[in-house]
Amino acid sequence: MPSINAKPFPFHVDFDHIALLCIDMQRDFCLPGGFAESLGNDLSNVQACIPVIAKLQAAFRKAGLPVIHTKECHKPDLSDLPSAKRNRGNPKIKIGDMGPMGRILIDGEVGSDFVPENAPIEGELVISKPGKDAFYATELRDYLTTRLISGLVITGVTTEVCVQTTMRVANDRGYDCVLVEDGTDSYFPEFKDVTLRALTAQGGIVGWTCQSQALLDLLESEYSSPATPDFNLQSAGMEATVS
Ligand code: C5J
């Protein structure tokens, strides 16, 4: 089985059983006028991962490997939003309130949708999740089990909140997880740094981290299409027929 350079040691990539998981690449977390900005966060810190994730998505799609998207959002009637979460942080506008991109973190609103660069394409699983953990109250576990997926390449925002929470839960459920260092970001660079270190400490207690290029190189070498043979019907002693 091929492996890539990773921390704390090489990660074996089992292409028959792996998926790319893109966590919460939503306008509400990455663009002005959304939930994150209402909490006073510096959005410039979470935008570097967008083109990196786009490249990984393109490479997984080219290889025919699954790409899964999550979005943190709530039902319009707020029935899946605990008051503890709605009231947390004393933001100027709360989850469910009207903002410049529609109601904040509400499923179906423009703000809760994906940044265009990382949007799903037809046929990809999109999970609406009410919590930080992508397994909580979602169909993720069933999807992975049905497809015999045992390894996850994890990307998204924010590193120390939904990404870390999901990776820890996935690890407890038996998945081999590699978090892409340049494919994840936080509003607080120091939190990103310490999270990457904490996840891989103690011999990879939660999993691995790697650079996107390591995966892209491996995908390219495994899935680049072989050159089309120069096959000439006449020299092979056959005649082409046109019907
Ligand atoms: C947060 C997330 N930060 N996707 N959500 O509230 O990390």
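Worth knowing before you read on, the calculation uses all heavy atoms, side chains too, and leaves out hydrogens, waters and symmetry mates. As the structure is a computational prediction, the values presented were derived from the model and not from experiment. We count ligands from 1, going down the list as the structure has it; atoms in each ligand are counted the same way.
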Engineer: For Thr159 and Thr184, what are the C-alpha separation, side-chain angles and deciding distance, and is it a side-chain hydrogen bond (donor to acceptor under 3.5 Å, both in side chains)?
Structural biologist: CA-CA 6 Å; Thr159 317; Thr184 182; 2.9 Å; yes
Engineer: Between Lys85 and Pro130 (side chain of the first, backbone of the second, donor and acceptor by atom type, cut-off under 3.5 Å), is there such a pair?
Structural biologist: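 Present.
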Engineer: Among all the protein's non-hydrogen atoms, which is closest to atom 6 (O) of ligand 1, and how far away is it?
Structural biologist: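 The answer is Lys132 NZ, 3.1 Å.
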Engineer: Checking the N or O distance criterion of under 3.5 Å, is ligand 1 in contact with Asp24?
Structural biologist: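 Yes; at least one N/O pair falls below 3.5 Å.
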Engineer: Which ligand 1 atoms does Cys162 reach within 4.0 Å, using its non-hydrogen atoms?
Structural biologist: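 Reading through ligand 1 atom by atom, the close ones are 2 (C), 4 (N), 5 (N), 7 (O).
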Engineer: Of the protein's non-hydrogen atoms, which lies at the shortest distance from atom 5 (N) of ligand 1, and what is that distance?
Structural biologist: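 Minimum-distance protein heavy atom for atom 5 (N) of ligand 1 reads Glu72 OE1, 2.9 Å.
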Engineer: At what distance, to the nearest 0.5 angstrom, does CD of Glu37 lie from SG of Cys30?
Structural biologist: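 The distance works out to 12.0 Å.
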Engineer: Looking at Ile50, is its backbone amide N or carbonyl O close enough to the side chain of Asn118 to form a donor-acceptor pair, meaning the two atoms are under 3.5 Å apart?
Structural biologist: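 Yes, the answer is positive, given that a donor and an acceptor are paired below the 3.5 Å cut-off.
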Engineer: Compare Val163, Thr158, Val46 and give the one whose heavy atom is closest to atom 7 (O) of ligand 1.
Structural biologist: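 When every heavy atom of Val163, Thr158, Val46 is considered, Thr158 comes closest to atom 7 (O) of ligand 1.
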Engineer: How many angstroms lie between atom CG of Asp28 and atom OG of Ser112, to the nearest 0.5 angstrom?
Structural biologist: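 Rounded to the nearest 0.5 Å, the CG-OG separation comes to 6.5 Å.
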Engineer: Of the backbone atoms (N, CA, C, O) and the side-chain heavy atoms from C-beta on, which set of Val157 has a member under 4.0 Å from an atom of ligand 1: side chain, backbone, both, or neither?
Structural biologist: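 Backbone only.
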Engineer: Check each of Tyr187, Phe35, Phe29 against atom 1 (C) of ligand 1 and report the one with the nearest heavy atom.
Structural biologist: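 Comparing heavy atoms across Tyr187, Phe35, Phe29, the nearest one to atom 1 (C) of ligand 1 lies in Phe29.
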Engineer: Using modelled atom types and a 3.5 Å cut-off, is there a donor and acceptor pairing between side-chain atoms of Asp185 and backbone atoms of Cys49?
Structural biologist: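 Present.
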